[in-house]
Amino acid sequence: EAGVTQFPSHSVIEKGQTVTLRCDPISGHDNLYWYRRVMGKEIKFLLHFVKESKQDESGMPNNRFLAERTGGTYSTLKVQPAELEDSGVYFCASRKGRWGNTIYFGEGSWLTVV
Amino acid sequence: GQSLEQPSEVTAVEGAIVQINCTYQTSGFYGLSWYQQHDGGAPTFLSYNALDGLEETGRFSSFLSRSDSYGYLLLQELQMKDSASYFCAVRGSQGNLIFGKGTKLSVKP
């Protein structure tokens with residue numbers, strides 16, 4: 001069974017440009033999460049989808065970030081326009097049920113804004 | 001809101017035992033999890049405690065005391081490959097995880 005996959009693994013863009021990160025959760029996992037880790041800091045929650053619905057987007061830093069999960073399968077996280085402080089690793093994670101013990105993480109998308 | 005405190009760094013030698021503590025403040029408690037993250041890798045699940053006591057999984061054990069809002073991860077017979085960051089996390093009311101800032105463990109020969 002494939003794990004959570006993320007694309008691209010690394011991205012370097014200039015300030016002001018747009019980047020779209022993609023996450024494919026484990027098949028059958030209704031719950032999909034986006035997290036971000038800025039260098040040396042904690043892994044911070046961004047938002048949570050249940051199927052195609054946004055369950056909780058309280059962690060989204062501002063309106064430059066837009067997440068979608070059309071059809072309840074893969075998800076995208078778009079940053080537009082990117083700022084220097086957006087640099088970090090963006091992790092996607094999925095879980096089958098709401099209260100399952102294990103959340104499975106992808107390898108992350110490393111974003112560098114220069 | 002929720003917050004978690006854990007030491008930023010711990011150093012130990014191969015073969016030793018190390019304990020990483022975590023204290024938390026939450027508006028509701030739905031369990032304490034531990035994740036391991038090697039540099040450049042995905043956080044991987046280690047353990048989950050919903051009830052008080054010790055959970056053992058091989059060389060790793062996790063403990064929880066809900067009355068003290070406290071837990072720890074115990075790593076025994078340390079190996080070089082255990083060098084990584086370890087995060088404690090509590091679950092939010094919607095099922096998402098709230099992470100601590102992580103403890104960087106360095107295992108020396």
Side-chain angles (χ1 to χ4, degrees), chain A residues 2-7 9-10 23-26 29-51 53-60 67 75 88-112, chain B residues 1-9 20 22-51 55 57 60 62 64 71 73 84-106:
Chain A
V4 178
T5 56
Q6 295 187 241
F7 181 83
S9 59
H10 292 79
C23 168
D24 287 78
I26 293 172
H29 282 198
D30 289 341
N31 292 273
L32 186 150
Y33 306 84
W34 282 99
Y35 289 85
R36 176 173 73 172
R37 187 178 187 197
V38 174
M39 182 68 74
K41 297 196 174 180
E42 71 266 38
I43 302 171
K44 196 165 183 183
F45 168 77
L46 296 179
L47 88 159
H48 170 204
F49 284 99
V50 177
K51 297 184 180 178
S53 300
K54 290 177 186 174
Q55 186 75 14
D56 180 358
E57 53 184 330
S58 60
M60 294 288 264
S75 174
V89 187
Y90 290 78
F91 290 103
C92 177
S94 73
R95 177 161 65 191
K96 189 173 180 66
R98 177 176 173 182
W99 296 109
N101 289 346
T102 307
I103 290 180
Y104 297 89
F105 281 80
E107 295 288 324
S109 288
W110 292 69
L111 174 64
T112 303
Chain B
Q2 288 110 332
S3 67
L4 300 99
E5 294 289 331
Q6 53 182 129
S8 58
E9 291 185 52
I20 300 173
C22 174
T23 57
Y24 58 86
Q25 285 187 316
T26 60
S27 51
F29 183 72
Y30 306 96
L32 183 71
S33 301
W34 288 92
Y35 281 75
Q36 177 193 60
Q37 186 187 24
H38 285 97
D39 281 347
T44 54
F45 173 80
L46 291 178
S47 68
Y48 170 75
N49 294 67
L51 301 175
E55 294 280 344
T57 308
F60 294 0
S62 58
L64 175 67
L73 179 69
S85 290
Y86 292 83
F87 295 87
C88 59
V90 292
R91 194 165 295 175
S93 60
Q94 299 298 324
N96 60 298
L97 288 174
I98 312 297
F99 287 89
K101 293 187 177 180
T103 298
K104 183 168 183 176
L105 172 64
S106 299

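Chain naming here is simple, since letters A, B, ... match the order of the sequence lines and numbering starts at 1 in each. Below, each value reflects all heavy atoms present in this structure, side chains not excepted, and no hydrogens, waters or symmetry copies.
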S.K.: For atom CZ of B/Phe60, decide whether the heavy atoms of other residues, nucleotides or ligands shown that lie under 6.0 angstrom number more than 12.
M.R.: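 Yes, enclosed.
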
S.K.: State, yes or no, whether a side-chain contact exists between B/Leu4 and A/Glu42 at a heavy-atom distance under 4.5 Å.
M.R.: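 No, side chains not in contact.
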
S.K.: Looking only at heavy atoms and a cut-off of under 4.5 Å, which of B/Gly41, B/Pro43, B/Ala89, B/Gly102 has the most pairs with chain A?
M.R.: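 Most pairs with chain A among the choices: B/Pro43.
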
S.K.: Rounded at 0.5 Å granularity, tell me how far CD1 in A/Ile103 sits from CG in B/Leu97.
M.R.: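 So the gap between those two atoms works out to 3.5 Å.
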
S.K.: Using a 4.5 angstrom heavy-atom cutoff, name the option from A/Trp110, A/Phe45, A/Tyr104 with the most pairs to chain B.
M.R.: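 Ranked by contacts with chain B, first place is A/Phe45.
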
S.K.: Can you tell me how far CZ of B/Phe87 sits from CZ of A/Arg37, rounded to the nearest 0.5 angstrom?
M.R.: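 Here the rounded value is 3.5 Å.
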
S.K.: Considering only heavy atoms, which portion of B/Ser47 lies under 4.5 Å from any heavy atom of chain A: side chain, backbone, both, or neither?
M.R.: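 Neither part.
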
S.K.: Examine whether an atom of A/Tyr35 lies under 4.5 Å from a heavy atom of chain B, and if so say whether it belongs to the side chain, the backbone or both; otherwise answer neither.
M.R.: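 The side chain, not the backbone.
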
S.K.: To the nearest 0.5 Å, how far apart are NZ in B/Lys101 and NZ in A/Lys44?
M.R.: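 So the NZ of B/Lys101 and the NZ of A/Lys44 are separated by 9.5 Å.
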
S.K.: Considering non-hydrogen atoms only, spot the tightest contact between B/Ala42 and A/Gly106 and give its length.
M.R.: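 Smallest heavy-atom distance, with atoms named: CB-O, 2.8 Å.
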
S.K.: Show the nearest heavy-atom pair for residues A/Ile43 and B/Gln37, with the distance to one decimal.
M.R.: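 Between these two residues, the closest heavy atoms are CD1-OE1, 4.2 Å.
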
S.K.: For chain B, which of A/Asp56, A/Leu47, A/Val4 has the most heavy-atom pairs under 4.5 Å?
M.R.: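 That would be A/Asp56.
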
S.K.: Partners of B/Phe29 by ring-ring contact (aromatic ring centres under 6.0 Å, His included), sequence neighbours excluded?
M.R.: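 B/Phe29 satisfies ring-ring contact (aromatic ring centres under 6.0 Å, His included) with B/Tyr24 only.
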
